[in-house]
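In each ligand, atom 1 is the first atom listed, and ligand 1 is the first ligand listed.
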Amino acid sequence: MKNVLIIGSTGQIGSELTMKLRDLYPASGIVAGYISGAEPKGDLLESGPAEIVDITDAPRIAEVVRKYNIDTIYNLAALLSAVAETRPQLAWKIGVGGLYNVLEVARENNCAVFTPSSIGSFGDATPHIQTPQDTIQRPKTIYGVTKVTGELLSDYYAHRFGVDTRSVRFPGLISYTTPPGGGTTDYAVDIYYSAIKGEKFHCPIKSGTFMDMMYMPDALRAAVEIMEADPSRLVHRNSFNIASMSFDPEIIYAKIKEYVPGFEMEYTPDPLRQAIADSWPDSLDDTCAREEWDWKPQYDLDAMTRDMLANLKKKLNPEKKFVEVK
Ligand code: SER
């Protein structure tokens, strides 16, 4: 990885991945691609080049790739699961049409491509406990349909054209920098914001609904390590199960309460998100990622909770206006 284009650099993953890549590869050109209305700001804008790159505009992707002699593309453009259900046509246009554009530009310009897949690529018929790497993928959401299509199309470009495509299936990602928007796992981010603001949390997902989650530093490391992995060891490419923790709302609530004793939560179910969550695995088996590229998470629920609360306290509560955190 020398010159990298991040498409979707101002989103939940992109805003942190761009900065991480700039730290890791200071001599390289790490280009922050964004769309109009989601311009980079602050450190993201000041620490390196930024270009408008709309994933639905293939000639523009090619122009930026050639201008910066890009060798690796991180394709992070997507509508998350719940919002995609309200705009399925747009979800397909971005998730599949956009990926096709990226893969064609990569084929013509010899770029490697990372496109995340998701726990959303699984469905009701998938074994839900310790979901295997290779198993039934029949999602009912358009988000999941675009992710399965993306996995297949990326593998096709690898074996048919030799494009170096690799990816991981991200669990719900938890971070304090840029909020996610419109996902089913977003509650596990929102709950920390409520705790720090001293607000009662209205949980849209029912007690007993387990989903895989991951702290952003682990997710970013996975995105870098899979692209740096020795290709001769990779049996799989698109996409690897990765996992670090699985919990339901009661478990994360109890964990936060250890540090914010006055925190309260009540259930305000969201039928759309609940149906999506029920169709997703409870926990993934990530043995293949561990064996093929030495994947290993560093954060468990307790370590993540301490770090989230400490950082959100600095971000949202510098003058200790809301709650005290133990
Ligand atoms: N976090 C995503 C969502 O909830 C899943 O990959 O849509």
- prompt: Quick one: are the ring centres of Y253 and F263 less than 6.0 Å apart?
  reply: yes

- prompt: Do the side-chain N and O atoms of D134 and H236 include a donor-acceptor pair separated by under 3.5 angstrom?
  reply: yes

- prompt: Which ligand 1 atoms, with their elements, are less than 4.0 angstrom from a heavy-atom of W280?
  reply: 3 (C), 4 (O), 5 (C), 7 (O)

field: CD-CG distance between E104 and L99, expressed to the nearest 0.5 angstrom
entry: 10.5 Å

- request: From the options Y215, Y299, Y192, Y259, select the one residue that forms a side-chain hydrogen bond (donor to acceptor under 3.5 Å, both in side chains) with T305.
  value: Y192

- line: Near T184 (heavy-atom distance under 4.0 Å), the atoms of ligand 1 are 3 (C), 4 (O), 7 (O)

- request: Just jot down the ligand 1 atoms closer than 4.0 angstrom to any heavy atom of S118, in number order.
  value: 5 (C), 6 (O)

message: If you take the nearest heavy atom of each of I174, L79, T185, which one is closest to atom 1 (N) of ligand 1?
response: T185

- request: Measure across T209 and A277 and return the closest heavy-atom pair with its distance rounded to 0.1 Å.
  value: CG2-CB, 3.7 Å

field: Nitrogen or oxygen atoms of D186 and ligand 1 under 3.5 Å apart
entry: no

- request: With heavy atoms of S81 as the reference, note each atom of ligand 1 found under 4.0 Å away.
  value: 3 (C), 4 (O), 7 (O)

